[in-house]
Amino acid sequence: MSDLDTFRADTRAWLEENCPAEMRQPARGDGDACWGGRKFEFSSDAQKQWLERMAAKGWTAPMWPADYGGGGLSAAEAKVLQQEMARINARPPLSSFGIWMLGPALLKFGTEAQKKEHLPPIVRGEIRWCQGYSEPGAGSDLAGLQTKAVDRGDHYIINGQKVWTSYADQADWIFCLVRTDPSAPKHKGISFVLFDMDQPGVEARPIKLISGYSFFCETYFTDARAEKKNLVYEENKGWDVAKYLLGHEREMISGMGLGGGGGKPLPAMAKDAVGEEADGRLADPLLRAEIAMFEVRSAAYRAQAERFADEFKAGRGNPAQPSMMKYYGTELNKRRNELVMAAGGSDALEWDSEESGGGKKARDWLRSKGNSVEGGTSEIQLNIISKRILELPS
Amino acid sequence: MSDLDTFRADTRAWLEENCPAEMRQPARGDGDACWGGRKFEFSSDAQKQWLERMAAKGWTAPMWPADYGGGGLSAAEAKVLQQEMARINARPPLSSFGIWMLGPALLKFGTEAQKKEHLPPIVRGEIRWCQGYSEPGAGSDLAGLQTKAVDRGDHYIINGQKVWTSYADQADWIFCLVRTDPSAPKHKGISFVLFDMDQPGVEARPIKLISGYSFFCETYFTDARAEKKNLVYEENKGWDVAKYLLGHEREMISGMGLGGGGGKPLPAMAKDAVGEEADGRLADPLLRAEIAMFEVRSAAYRAQAERFADEFKAGRGNPAQPSMMKYYGTELNKRRNELVMAAGGSDALEWDSEESGGGKKARDWLRSKGNSVEGGTSEIQLNIISKRILELPS
Amino acid sequence: MPLYLTEDQEMLRDSAEGFVREKAPVAHMRKLRDADDGTGYDPALWREFAEMGFTSILMSEDEGGLGLGHVEAGVVMEEIGKNLTPSPLLSTGIAAVAALKHGGAQHRDKWYPKIAAGEAVAAIAVDEGAKHDPAATAMTAARSGNGFKLSGRKTFVTHGHVADLLIVAARTGGSAGDADGITLFAVEKGAKGLKADPRRLADASIAARLEFDNVEVTADAVIGEVDGGWGPLNALLGAGRAAASAEMLGVGQGAADITVNYLKERKQFGVPIGSFQALQHRAAHLYAELEVARAAVLKAQQLLDEGSEKAHKAVHVAKAMTGWTTTLAVQEGVQMHAGVGMTDEYDIGLYMKRGRTLAELFGDANYHADRLAREAGY
Amino acid sequence: MPLYLTEDQEMLRDSAEGFVREKAPVAHMRKLRDADDGTGYDPALWREFAEMGFTSILMSEDEGGLGLGHVEAGVVMEEIGKNLTPSPLLSTGIAAVAALKHGGAQHRDKWYPKIAAGEAVAAIAVDEGAKHDPAATAMTAARSGNGFKLSGRKTFVTHGHVADLLIVAARTGGSAGDADGITLFAVEKGAKGLKADPRRLADASIAARLEFDNVEVTADAVIGEVDGGWGPLNALLGAGRAAASAEMLGVGQGAADITVNYLKERKQFGVPIGSFQALQHRAAHLYAELEVARAAVLKAQQLLDEGSEKAHKAVHVAKAMTGWTTTLAVQEGVQMHAGVGMTDEYDIGLYMKRGRTLAELFGDANYHADRLAREAGY
């Protein structure tokens, strides 16, 4: 038996023993996710237990070094863990921007002290992070941000406003882009700082979205304080960290594929609404054609996602490729949601009825419109492809 | 009986008597058109007779003033003439850039002498004109043209090259944009001149197109001569004439509608190739969906063409509206040709077989690709809509 | 008749435009929604609509109406669309009024004055499944004494929970899929055995699911002939679809207008985003689609007013074309608004929601394009 | 197996790329066309293809071939696509070779060496109507003594007028529309009663219409089982469609490449037209479509090579996806070339023509998307 086989057997046994039954059912939505943090209320004992057990092994961040609380697994082992979790339908023990975003940045750009201080609480789900990037006047033009940080010796005083801060109202700490040199060219005067959200100068107001959800906040800083020791990388070099994280984010989003997984396949959903002809074809022939065309693109994109992942693993990927994936994947997901709505007809329009699961189809459809905006609009991705891959002149 | 009713009755009787039977069958293609001119060979006596009889009444240019050889008809009378000709399927007696393009420009910008000299031979089909606008380096950027005209007192000496000169090899005279002031801003140094193509300094070489046809020429001028009396409008104000003619051309093209008229309807064409299901639906359900979607757009565009014409007649049209019509109509016609090819399958690919009419479908398909280029590309039309109608900033 | 608005129609448009913009702009819709209003429209506004003559626009002057046609009705509907105004005008003043023209005088005598006065609201109960398919009507109307007993379910009945009058398609003969055997009934509010279950939709409008459990109606309730409801039903649907197309066009035009304005105002990289050529071309393309859709809608309305046989086909074209065009308009609108387009604070998302509901109402674009194909024999 | 080319496959690609670019660039195709060549390919080049091993790429090493798979065959086909090279490789070295794998050894013993040596050309006679529909095969093969008599018509048979070997689908049982009852035959050049009528197509390739008038073949001519030709036919079509997808991808990629170059070179209004954002976004979108299509093609080839059951579906996806993508590529290419795109002098129009022919070959995108839907049960 190879080491990996042993690892698999051990992992399987451990999961079997430690994953609560309740945590082996598919999450029904965002409400079932475990986000951790100081303000988080566990939805059940099982959820708490599952987080604690996984965190103790460092498996909430399986590939992070054990020194920082991570699992210390190799890529191959991490894949085995993922497979074994999938086998029993185990839910992710922790959803965390700390793990997805800040961690990778700290591992690359942070000091030893920063890693030691911030990574372990992330792994344990004790501190929940949010991302302070976009501002009202700086969306696609992220580097145009205006939030100012003034140097006060051992700390900065921060004033300004962020927008699209995911779950800022529920986060404990923020990783934030601030302008430390207003006189430098716009990319050159930005720093990447960390600070506590529980302080008088910070206010987060949830934004109501067209889907009726409120994932995001407007976040206001009035003389908020960030310690100098929490400056990541050098002063005025925050754009390097931001660029790294943006690329990482795009990769993550593009890796998400078509989303909406687990639901009924489109053709079946459509048949429920419109019925079928004698020979089994969908009774609405134009909808059928649209679905058939979508299904081809969708299958092709799955192949592309596989190719993309394989190439990245092998270090062969074009660095602008995530832009292409992000563009194509999100546009496809929007299309999918349009077809779900068309297939669902008037039933799918219901917004809060029980049968509609509180308007799940309609809300997911509206939510999907954000896919091609967040993490860089489709237009920005097309600009990137055009410049960096096709090398078209500007 | 109203005057118009009388005119209708008289016209009907005259046409009945004067339109040769042979000229009452639909033209089978460009080869059946009567272009006139010094080099033209009539395809039949009937064709010659029909031109002469119509020209004698000025009805080759029904609304031009009788003083210049035209029919002198009112708009209402011209419409009656058109209806009565359509009633008996009478072919147009003359196809002529002189009538379509130069005439309107001369009527607006020409001197009395120019009108008296040039318009009557156009009406009679004695002189065939071509248009010298585009140059190899100046396509969408028409005003960037480089062909130079140097002032030599009573004439200009012209050197340069034009491209896309329709039928230049068969034309007698050319109306041509030339640069008379190289030092002025590009729109300010252009003049509109007329000159004879039968002179040593003019050479026209047909361009072979992807459709296999050669409608257009590259035309070279080497010390070609244009008389000063044939300068239209003022020197260096040729751009005003050009703009007027471009708008006029766009209007004409957009008025042409979907083209391909007279042929079999798409659905019937498709049924011939792929057959039908038991209930009569086209056996290829995705092609059926594409055709059904096209037919809706096509019907809507026909309504828009009617609206456009009605509004223009009433002087209500937006001056940039022809750009929209040109854009939409030509894109729709390209789509139609794509569907014709899809419906026709491998039969439609044949290029010179008899059954395929010498590759008519394939050649028309390729020809249609030029629709969205000639007379200003689709991109130029979108620019115009964006600037002049939507008033978006540049 | 030239294919543009006459001077009278333009005057009506100007007056409707001013009236709706002042009385019922998007803020009006927001107010009803945020108050979680359960009615689905504002009765006071409905009476004002009546005072303007909008509710009686299709009634003849003899009947106390304006004696106008579908073009004029559409002019008002487009303004309603532009302002996202919640209003029972489409179901009441247009679809129901058109249906009742085909019934006996007893219906018109009873309902026209109330509708003209803004005192009654009507709803259309045709759909039974999630997708529009009137020929599939399965609800039964069994003969019972001199009248009928209606049993079955209806869905997507806008204003169905508050309507004074329901126009109901039910089957007195034939079977699901047949055009023959359908009968149209006028059913009154509070009929015994009728249950209405109102549902809030994505656009904040309310549509009811109706359950008919042996609902008794007299023979007088029949609109038109027994088993011959297909005719009046199609008159209703023709008028309703044309009106829905006009409202849809208003939604698309409204979305395009606010988006073009946003393109001029919003700056990124130091310039207005409307100066980016890629966005310019998309906005220009959308403009072209909207103009073509507008022509299709007007053509359908004119042909309906002429009583032309071609109206039927033109209505299919109009509903399909506005379906696609307005969907494009709201998609482009939300995407070009980017981040703020995702927020409830900006209006563009509301246009997207309204567009989706109207896309389904009386058949979506696929339905109408398919019908055209079938009717053309392919 | 990771979804990208292995090092060996990349080496093959580099070698094929250099070889085809040097020996058979677009100028080669123009030369044959302008000489009004009636053969449809260059026999000397065909022998060089053989020397490179391309014609025997799918034969096992025991059989004198390279022992490679569909990925490698596709690598060569893509270069053929990029250069618009007229070549019988697809019909001969890929489709026919794949079909013969399913027949008796007599076929392989006879034809593989000739194909490997570049001495024989094969053609595929499946289509009978203007649109691909193999189940509709109506051509009859009546038993006659120990053999069969073939009667009927075939169309769109590329190289059919010069082929040494024709692979013919005919019906020994069942009726048009049935998969069962089709038998695959190997018919040799010069068979009595066989008439070939070569037709020049838009892309200057030549496809024959074939007429079979009681063409006699022996029982040995059957490939696979009598009445059981659907299996070998699908092997042929799977290989042929994957190869056509690869060639199609090459056509699309070639068109996109020359267009992007043109955008960089061509100036209007004093700047390269490639600096206009509207064109940039369209070029970038096309890039994304091509990458996705490329993945779909590679996936289908790998699954064919693994002998996976999933290959069938993946091939449908690949042919449909390349159909749409390459159509987009050539349309955008011609439009972005504007005026010169309409001239025969520039290559982009040739890509459009070739793309159209390949779109039809072995079923167009609509056919494959529809098949996928039917096979998925909707």
Side-chain angles (χ1 to χ4, degrees), chain B residues 134 136-141 143-144 163-164 186 207-212 214-216 270 272-275 283-290 334 338 341-353 355-356 359 361-363 365-367 369-370 372-374 377-380 382-383 386, chain D residues 127 129-133 136 155-158 197-207 209 266-271 273 276 278-279 282 320 327 330-331 334-346 348-350 352-353 356-357 359-361 364-370 373-374:
Chain B
S134 295
S140 289
D141 179 20
V163 73
W164 309 120
K186 65 181 181 180
I207 299 169
K208 189 176 167 196
L209 297 178
I210 55 176
S211 58
S214 295
F215 302 119
F216 306 108
D272 287 348
V274 305
D284 182 331
L286 271 70
L287 177 61
R288 175 180 180 272
E290 291 190 312
K334 287 197 299 180
E338 287 285 340
M341 289 304 286
S346 56
D347 287 354
L349 290 167
E350 295 192 356
W351 192 242
D352 44 22
S353 66
E355 297 97 310
S356 69
K361 284 179 187 166
R363 290 170 194 264
W365 162 64
L366 291 161
R367 172 69 189 88
K369 300 302 176 191
S372 53
V373 170
E374 60 214 4
T377 61
S378 281
E379 290 77 11
I380 289 288
L382 291 172
N383 284 345
S386 153
Chain D
D127 290 2
K131 300 294 283 187
H132 179 69
D133 189 0
T155 188
F156 200 25
V157 185
T158 315
D197 178 5
R199 304 291 175 100
R200 176 82 62 186
L201 304 186
D203 64 341
S205 73
I206 303 174
R209 292 181 184 257
R266 169 73 172 171
K267 287 191 177 181
Q268 290 278 278
F269 307 103
V271 293
I273 58 174
F276 295 127
L279 300 188
R282 283 158 56 185
T327 298
V330 297
Q331 287 175 346
V334 166
Q335 178 67 22
M336 290 185 187
H337 274 75
V340 300
M342 296 303 299
T343 67
D344 188 72
E345 187 187 341
Y346 278 70
I348 189 68
L350 302 176
M352 175 169 270
K353 297 177 188 185
R356 189 86 259 300
T357 301
E360 291 296 326
L361 187 65
D364 70 1
N366 283 338
Y367 171 83
H368 291 287
D370 183 57
R374 281 185 192 253

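We name chains A, B, ... by the order of the sequence lines, and we start the count at 1 in each one.
Looking at B/Leu382, neither its backbone nor its side chain comes within 4.5 Å of chain D, counting heavy atoms on both sides. With a threshold of 4.5 angstrom between heavy atoms, B/Ala289 does not approach chain D through any atom at all. Proximity to chain D (any heavy atom under 4.5 Å) is restricted, for B/Ile207, to the side chain, taken from C-beta onward. Heavy atoms closer than 4.5 Å to chain B are found in both the backbone and the side chain of D/Ala338. At a 4.5 Å heavy-atom cutoff, the contact between D/Arg199 and chain B is made by side-chain atoms alone. With a 4.5 angstrom heavy-atom cutoff, B/Asp284 touches chain D only via side-chain atoms. Neither the backbone nor the side chain of D/Ser205 has a heavy atom closer than 4.5 Å to any heavy atom of chain B. B/Ala138 touches chain D through its backbone: at least one of N, CA, C or O sits under 4.5 Å from a heavy atom, while the side chain does not. Interface residue D/Leu279: only side-chain heavy atoms are found under 4.5 Å from chain B.
Atom CE of B/Met341 is separated from atom OG1 of D/Thr327 by 11.0 Å, given to the nearest 0.5 angstrom.
With hydrogens and angles ignored, the 3.5 Å screen pairs a side-chain donor or acceptor of D/Lys353 with a backbone N or O of B/Ile210. No side-chain donor-acceptor contact under 3.5 Å links B/Lys186 to the backbone of D/Phe269.
The residue among B/Ser134, B/Gly344, B/Gly137, B/Ser356 with the most heavy atom pairs within less than 4.5 Å of chain D is B/Gly137. Counting heavy-atom pairs under 4.5 Å between each of B/Ser346, B/Gly359, B/Ser353 and chain D puts B/Ser346 at the top. The greatest number of non-hydrogen atom pairs below 4.5 Å with chain D, out of B/Gly370, B/Ser378, B/Ser372, B/Ala362, is found for B/Ser372. By number of non-hydrogen pairs under 4.5 angstrom with chain D, the leading residue of B/Ser211, B/Ala283, B/Pro285, B/Gly144 is B/Pro285. Here D/Thr357 is the residue among D/Ile273, D/Val334, D/Thr357, D/Asp127 with the most heavy-atom pairs under 4.5 Å with chain B. Ranking B/Ser140, B/Ala143, B/Gly275 against chain D, the residue ahead of the rest is B/Ser140, based on heavy-atom pairs under 4.5 Å. Ranking B/Glu355, B/Arg363, B/Lys334 against chain D, the residue ahead of the rest is B/Glu355, based on heavy-atom pairs under 4.5 Å. Chain B forms the most heavy-atom pairs under 4.5 Å with one residue out of D/His132, D/His337, D/Glu360, D/Gln335, and that residue is D/Gln335.
In summary, D/Arg209 and B/Asp347 engage in a salt bridge, as defined by a charged side-chain N under 4.0 Å from a carboxylate O.
Two residues are said to be in side-chain contact when any heavy atoms from C-beta on lie closer than 4.5 Å; B/Trp365 and D/Arg356 meet this criterion. By the 4.5 Å heavy-atom criterion applied to side chains, D/Thr343 and B/Trp164 are counted as neighbours. When side chains are defined from C-beta on, B/Phe216 does not count as touching D/Met342, because their heavy atoms never get closer than 4.5 Å. Residues D/Leu201 and B/Glu350 form a side-chain contact, since some pair of their non-hydrogen atoms from C-beta on lies under 4.5 Å apart. You'll find the side chain of D/Gln331 reaches within 4.5 Å of the side chain of B/Glu338, heavy atoms only.
Every side chain to side chain donor-acceptor pair (under 3.5 Å) that B/Asp272 has, sequence neighbours left out, goes to B/Lys264. Residues passing the side chain to side chain donor-acceptor pair (under 3.5 Å) test with D/Gln268, sequence neighbours excluded: none.
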